[in-house]
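Counting starts at 1 for both ligands and their atoms, in listed order.
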Amino acid sequence: MQNITPCLFALFLTNLCLHLSSAADVLYQVCGTTGNYTVNSTYSSNLKTLTSSLSTEAVAEQGFYENTIGTAPDQISGLVLCRGDVNSSICGDCLNQSIQYVMNGCPYAKEATIYYDFCLLRYSNQQFLNSTDNMNPNLLYSTQNVTSSIISGWDPSNNTVKNYFNTVVNTLLSSVSDQAAYNSRKRFGTGVINITGSLPVIYGLSQCTPDFSNNTCRACLQDLIDEMPKYFSGNQGGRILGVRCNLRYKKEFGYYCLSGKVG
Ligand SMILES: *[C@@H]1O[C@H](CO)[C@@H](O)[C@H](O)[C@H]1NC(C)=O
Ligand SMILES: *[C@@H]1O[C@H](CO)[C@@H](O)[C@H](O)[C@H]1NC(C)=O
Ligand SMILES: *[C@@H]1O[C@H](CO)[C@@H](O)[C@H](O)[C@H]1NC(C)=O
Ligand SMILES: *[C@@H]1O[C@H](CO)[C@@H](O)[C@H](O)[C@H]1NC(C)=O
Ligand SMILES: *[C@@H]1O[C@H](CO)[C@@H](O)[C@H](O)[C@H]1NC(C)=O
Ligand SMILES: *[C@@H]1O[C@H](CO)[C@@H](O)[C@H](O)[C@H]1NC(C)=O
Ligand SMILES: *[C@@H]1O[C@H](CO)[C@@H](O)[C@H](O)[C@H]1NC(C)=O
Ligand SMILES: *[C@@H]1O[C@H](CO)[C@@H](O)[C@H](O)[C@H]1NC(C)=O
Ligand SMILES: *[C@@H]1O[C@H](CO)[C@@H](O)[C@H](O)[C@H]1NC(C)=O
């Protein structure tokens with residue numbers, strides 16, 4: 001087992017993660033429990049006003065937009081965020097799709113949240129835009145566990161090996177999170193860790209909503225990093241989706257399945 005020292009790995013903060021997967025599938029959808037609206041109500045029309053502008057505004061604002069329409073009790077707030085590396089047509093398509101999908105999937109819910117690979121959308125009758133709350137993040141696991149053919153000497157019951165893997169993932173995610181928080185106006189970071197000879201190449205990605213300050217962003221991501229070993233130890237990939245910040249690591253590009261909740 002190698003020790004982790006800076007000379008043992010090359011950490012490249014490059015655009016290598018930026019390949020787009022073809023998946024336009026919904027990753028996760030949560031219908032809120034803050035009440036239902038009715039057909040032709042003021043809330044319904046406020047929702048329509050909000051959603052009709054979200055996509056075009058987000059595209060105009062480089063992938064992030066939030067707005068509040070109306071006054072209580074019919075007030076609605078919405079937030080959308082596209083992945084930091086997608087272009088405007090993918091961003092706009094994803095948001096248009098998310099609006100349609102979530103309104104079908106959560107009919108008449110005053111609050112709903114939906115995550116795609118390339119964008120996320122949340123709206124609610126609660127004012128959440130002034131909050132740094134990450135809104136009960138959701139977990140996605142890779143379909144595959146680490147095996148001894150991927151990491152030589154791998155044994156799921158051997159904590160030394162597991163801790164080594166977790167430390168490497170932690171190093172990668174800390175680095176991409178620093179990049180997102182301190183080195184990106186979009187609050188978006190990607191990277192690769194490549195420890196030749198002992199581990200496969202592992203890719204990482206972090207993103208916050210760009211209205212977060214550098215330190216608020218970093219703290220939001222750190223909360224997720226702290227949760228990783230608890231849920232993803234021994235997994236080839238893991239991902240935590242929050243409205244305010246999200247991150248992921250993966251051995252290679254592919255599919256995630258099995259979702260759950262942090263907590
Ligand atoms: C765990 O794996 C390490 C590295 O392969 C090995 O040196 C150690 O003996 C293993 N520990 C156990 C309890 O098997
Ligand atoms: C809202 O509608 C859903 C299903 O359409 C229902 O299960 C839920 O009880 C309703 N909630 C309220 C507060 O009426
Ligand atoms: C909603 O408004 C439309 C257009 O005014 C009307 O045709 C429809 O009957 C109304 N639906 C309900 C349930 O009130
Ligand atoms: C956006 O990216 C997609 C996928 O890489 C590409 O097919 C498309 O041509 C791009 N569109 C624009 C407007 O750059
Ligand atoms: C998304 O929907 C809006 C409103 O319907 C439309 O103007 C816009 O062209 C759509 N964007 C894309 C990328 O399809
Ligand atoms: C956000 O705004 C709402 C309504 O204006 C208020 O009730 C709530 O306390 C605010 N939350 C924070 C964290 O400032
Ligand atoms: C991965 O490991 C977990 C925990 O040991 C196990 O529950 C799960 O079935 C494994 N998944 C696969 C695809 O082997
Ligand atoms: C973080 O943001 C603060 C306030 O905008 C700024 O003064 C500071 O230089 C930033 N730090 C880094 C490392 O970007
Ligand atoms: C990982 O490092 C090896 C050896 O330096 C190199 O051949 C390979 O291309 C690297 N892979 C990536 C994805 O950086």
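N214 ND2, 3.5 Å is the protein heavy atom nearest to atom 3 (C) of ligand 8.
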Practice item. Report the C-alpha separation of R244 and D223 in whole Å, then their side-chain angles, then the decisive distance to 0.1 Å, and conclude whether the salt bridge (charged side-chain N to carboxylate O under 4.0 Å, His left out) test is met. Key: CA-CA 12 Å; R244 288 304 188 166; D223 284 347; over 6 Å; no
Could you list the donor-acceptor pairs under 3.5 angstrom formed by side chains in residues 56-66, with sequence neighbours left out?
{"from": "T56", "atom 1": "OG1", "to": "S53", "atom 2": "O", "distance (Å)": "3.3"}
{"from": "Y65", "atom 1": "OH", "to": "N67", "atom 2": "ND2", "distance (Å)": "3.2"}

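T113 OG1 to F128 CZ: the interatomic distance, rounded to the nearest 0.5 Å, is 7.0 Å.
The two residues M228 and L173 come nearest to each other via the heavy atoms CE-CD1, 3.8 Å.
There is a protein heavy atom less than 4.0 angstrom from atom 1 (C) of ligand 2.
Sulfur-sulfur distance for C208 and C245: not below 2.5 Å, with no disulfide indicated.
When the heavy atoms of C31, A109, G35 are ranked by distance to atom 13 (C) of ligand 2, first place goes to G35. Counting heavy atoms only, N36 comes closest to atom 11 (N) of ligand 2 of the residues N36, T33, T34. The residue from T160, D155, N158 that puts a heavy atom closest to atom 8 (C) of ligand 1 is N158.
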